[in-house]
Enquirer: 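There's a structure below that I have some questions on.
Since the model is a prediction, treat every value here as computed from it, not as a measurement. Basis for what follows: all heavy atoms, side chains included, without hydrogens, waters or symmetry-related copies. Below, chains carry the letters A, B, ... as their sequence lines are ordered, and counting in each starts from 1.
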2 protein chains.
Amino acid sequence: MTYENLDAKLINSLLSNGRASLRSLGDELDVSVTTVSNHLRDLEEEGVIRGYTPVVDYDKLGYDVTAVLQLKVEGSALPDVTEKLRQEKQMVSVYEVTGDYDVIAIGKFTDTDGMNDQIKSILTDADIRESNTSVVLNAVTENEQFDLDVKE
Amino acid sequence: MTYENLDAKLINSLLSNGRASLRSLGDELDVSVTTVSNHLRDLEEEGVIRGYTPVVDYDKLGYDVTAVLQLKVEGSALPDVTEKLRQEKQMVSVYEVTGDYDVIAIGKFTDTDGMNDQIKSILTDADIRESNTSVVLNAVTENEQFDLDVKE
DNA sequence: CGTCGAGGTTTTCGTACGTCATCACACCTA
DNA sequence: TAGGTGTGATGACGTACGAAAACCTCGACG
């Protein structure tokens, strides 16, 4: 057998500790360091693993307010609007979606005043027909990356 | 205080490469390895850095559909509902929010059928008065973690 | 009132040691 | 033939530890 689940197991291990050494990963999965190294290189080249980041608690850094923006956009202006949102660094996620609204975006702000200012400056765009802002009261789960299924 | 911006710089460096070595971080910031090690330990103990993860491209792993669920929940049942959503591993983010709806959740699914099944099973909860699902057509930005401001 | 300096504390640094990642190559086995 | 393993060499890495530097506090003195 050629370790078809190794990649999934590798990713799951890294999800619990993204700075684990290749050796510890090898020990954990009963596989040689070389094999871990090869698979990881492949996963990175394929783009399955796009990089590594620390998980930062923005609350603790003073970004106390998270908001969900929903926008209705004039059809032809959609690319412009999403691009503009993408460039706002505090926009954590920006989605084009089906349904009542065309765009859903999630942003983080230092306080409600800062939030109001930034949102207002975004909404001045003439192509935004309607908008709706929900402030997050409690982030039950945020950007949780889930484990992959490993079939035996 | 010495090096008051070091922590912010450290986090920014790690945001661009979460597996960077303590030495390379030290070189980059003109600081000794030990200092990097100490500050990182403190940041982790304080919970500012909650861990490290690979950035996984779920699209490439067959999770092709992302959806945004919005729910109106019977007030007293809110904790139950959010807890239930939290335990659904494919729910990437779950927020309690102000506004028209009470809960906004983002989930990832293998296909629209799988999505429908899972969402239906969630929505059977009697305490969910109303729901609204938006399917993501295009993830312009997703879980982007932004750099911190460094004051001179 | 403002400055000085002794002291203790915190932060940073350099070194040393054992571990680690990477690479090349030969070997194994399904 | 393709994917996994082991070995050995080399330079990089993480951590522990003692020394040194920077910082803070507070009473004494001009």
Side-chain angles (χ1 to χ4, degrees), chain A residues 1-63 145 147-152, chain B residues 1-63 145 147-152:
Chain A
M1 139 177 111
T2 53
Y3 291 131
E4 34 184 312
N5 292 315
L6 185 60
D7 288 348
K9 288 183 188 169
L10 219 37
I11 290 173
N12 289 346
S13 293
L14 281 171
L15 282 171
S16 50
N17 177 13
R19 277 177 83 84
S21 72
L22 303 194
R23 275 182 165 68
S24 63
L25 293 170
D27 287 352
E28 192 181 333
L29 305 177
D30 263 321
V31 136
S32 76
V33 184
T34 319
T35 304
V36 173
S37 174
N38 291 339
H39 279 252
L40 227 45
R41 172 178 33 73
D42 294 345
L43 286 170
E44 287 166 11
E45 279 173 5
E46 290 162 17
V48 176
I49 295 178
R50 285 205 295 259
Y52 302 87
T53 57
V55 181
V56 176
D57 186 332
Y58 283 96
D59 258 34
K60 292 224 163 98
L61 292 167
Y63 292 88
Q145 292 193 99
D147 280 3
L148 305 179
D149 296 326
V150 177
K151 25 187 180 314
E152 293 309 318
Chain B
M1 177 191 293
T2 35
Y3 289 136
E4 36 182 315
N5 293 315
L6 185 60
D7 289 346
K9 288 182 188 168
L10 218 38
I11 290 173
N12 289 345
S13 293
L14 281 172
L15 282 172
S16 50
N17 178 14
R19 276 178 83 86
S21 72
L22 303 192
R23 275 181 169 74
S24 63
L25 293 170
D27 287 352
E28 192 182 333
L29 305 177
D30 263 320
V31 136
S32 75
V33 184
T34 319
T35 303
V36 174
S37 174
N38 290 341
H39 280 251
L40 229 44
R41 172 179 33 71
D42 293 346
L43 286 170
E44 288 164 13
E45 278 173 5
E46 291 163 15
V48 176
I49 295 178
R50 286 205 294 258
Y52 303 86
T53 59
V55 181
V56 176
D57 186 333
Y58 283 96
D59 258 33
K60 292 226 163 93
L61 292 167
Y63 292 87
Q145 292 194 99
D147 281 3
L148 305 179
D149 297 328
V150 178
K151 25 186 182 315
E152 294 308 318

Enquirer: Separation of A:L43 atom CG from D:dG3 atom P, in whole Å?
Expert: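 Whole-Å distance recorded here is 14 Å.
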Enquirer: Regarding B:S21, tell me which of base, sugar-phosphate or nothing describes its non-hydrogen contacts under 4.0 Å with the strands shown.
Expert: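 It contacts sugar-phosphate atoms only.
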Enquirer: Quick one: do B:L61 and B:D57 satisfy side-chain contact (heavy atoms from CB on, under 4.5 Å)? Show the steps, please.
Expert: CA-CA 7 Å; B:L61 292 167; B:D57 186 333; over 6 Å; no
Enquirer: Mark yes or no for whether B:R19, through its side chain, and A:G18, through its backbone, hold a donor-acceptor pair below 3.5 Å.
Expert: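 Such a contact is found between B:R19 side chain and A:G18 backbone.
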Enquirer: So, does B:H39 get its side chain near the phosphate of C:dT11, meaning an N or O under 4.0 Å from OP1 or OP2?
Expert: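 Checking C:dT11 against B:H39, no side-chain N or O comes under 4.0 Å of OP1 or OP2.
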Enquirer: Keeping A:N12 on the side-chain end and A:D147 on the backbone end, is there a donor-acceptor pair under 3.5 Å?
Expert: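 Checked: no pair found.
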Enquirer: Between D:dT15, D:dT5, C:dT12, which nucleotide has the shortest distance from any of its atoms to the side chain of B:S37?
Expert: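 That would be D:dT15.
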Enquirer: Whole angstroms only, please: what is the CG-P distance between B:L40 and D:dG14?
Expert: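 To the nearest whole Å, that distance equals 10 Å.
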Enquirer: Name the nucleic acid region contacted by A:R41, choosing base, sugar-phosphate or nothing; use a 4.0 angstrom heavy-atom cut-off, strictly under.
Expert: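 No contact.
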Enquirer: Which comes earlier along DNA chain D counting from the 5' end, the contact point of A:R19 or that of A:S32, where each point is its nearest nucleotide?
Expert: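 Checking each residue's closest nucleotide, the 5'-ward one belongs to A:S32.
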Enquirer: Taking only the side-chain nitrogens and oxygens of B:T35, find out if one of them lies under 4.0 Å from OP1 or OP2 of C:dC13.
Expert: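 For C:dC13, OP1/OP2 do have a side-chain N/O of B:T35 under 4.0 Å.
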Enquirer: Nearest whole angstrom, please: distance from the P of C:dT22 to the CG of A:D42.
Expert: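 Going from CG in A:D42 over to P in C:dT22 covers 13 Å.
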Enquirer: Roughly how many Å is it from CG in A:L6 to P in D:dA2, rounded to a whole number?
Expert: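 In whole Å, D:dA2 P and A:L6 CG are 20 Å from each other.
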Enquirer: How far apart are the C-alpha atoms of B:L29 and B:V36, what are their side-chain angles, what is the distance that settles it, and do they pass the side-chain contact (heavy atoms from CB on, under 4.5 Å) test?
Expert: CA-CA 9 Å; B:L29 305 177; B:V36 174; 5.6 Å; no
Enquirer: Let me know the distance between CG of B:N38 and P of C:dT10, rounded to the nearest Å.
Expert: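 Atom-to-atom, B:N38 to C:dT10, this comes out as 13 Å.
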Enquirer: Quick one: is C:dA21 close enough that its OP1 or OP2 comes under 4.0 Å of any side-chain N or O from A:R23?
Expert: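 Checking C:dA21 against A:R23, a side-chain N or O does come within under 4.0 Å of OP1 or OP2.
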Enquirer: Expressed as a whole number of angstroms, how long is the span from B:E28:CD to D:dA12:P?
Expert: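 Atom CD in B:E28 sits about 17 Å away from atom P in D:dA12.
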Enquirer: Round to the nearest Å and state the distance from B:D27 atom CG to C:dG14 atom P.
Expert: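 It is 12 Å, rounded to the nearest whole Å.
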Enquirer: Among the nucleotides D:dT15, D:dC17, D:dT5, which one has an atom lying closest to any side-chain atom of B:T34?
Expert: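 Selected nucleotide (nearest to the side chain): D:dC17.
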Enquirer: For the residue pair B:K9 and B:V150, what are the closest heavy atoms and their distance?
Expert: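 What the structure gives for the nearest pair is CE-CG1, 3.8 Å.
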Enquirer: How many Å lie between CG on A:L22 and P on D:dG6, as a whole number?
Expert: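 Those two atoms, CG and P, are 16 Å apart.
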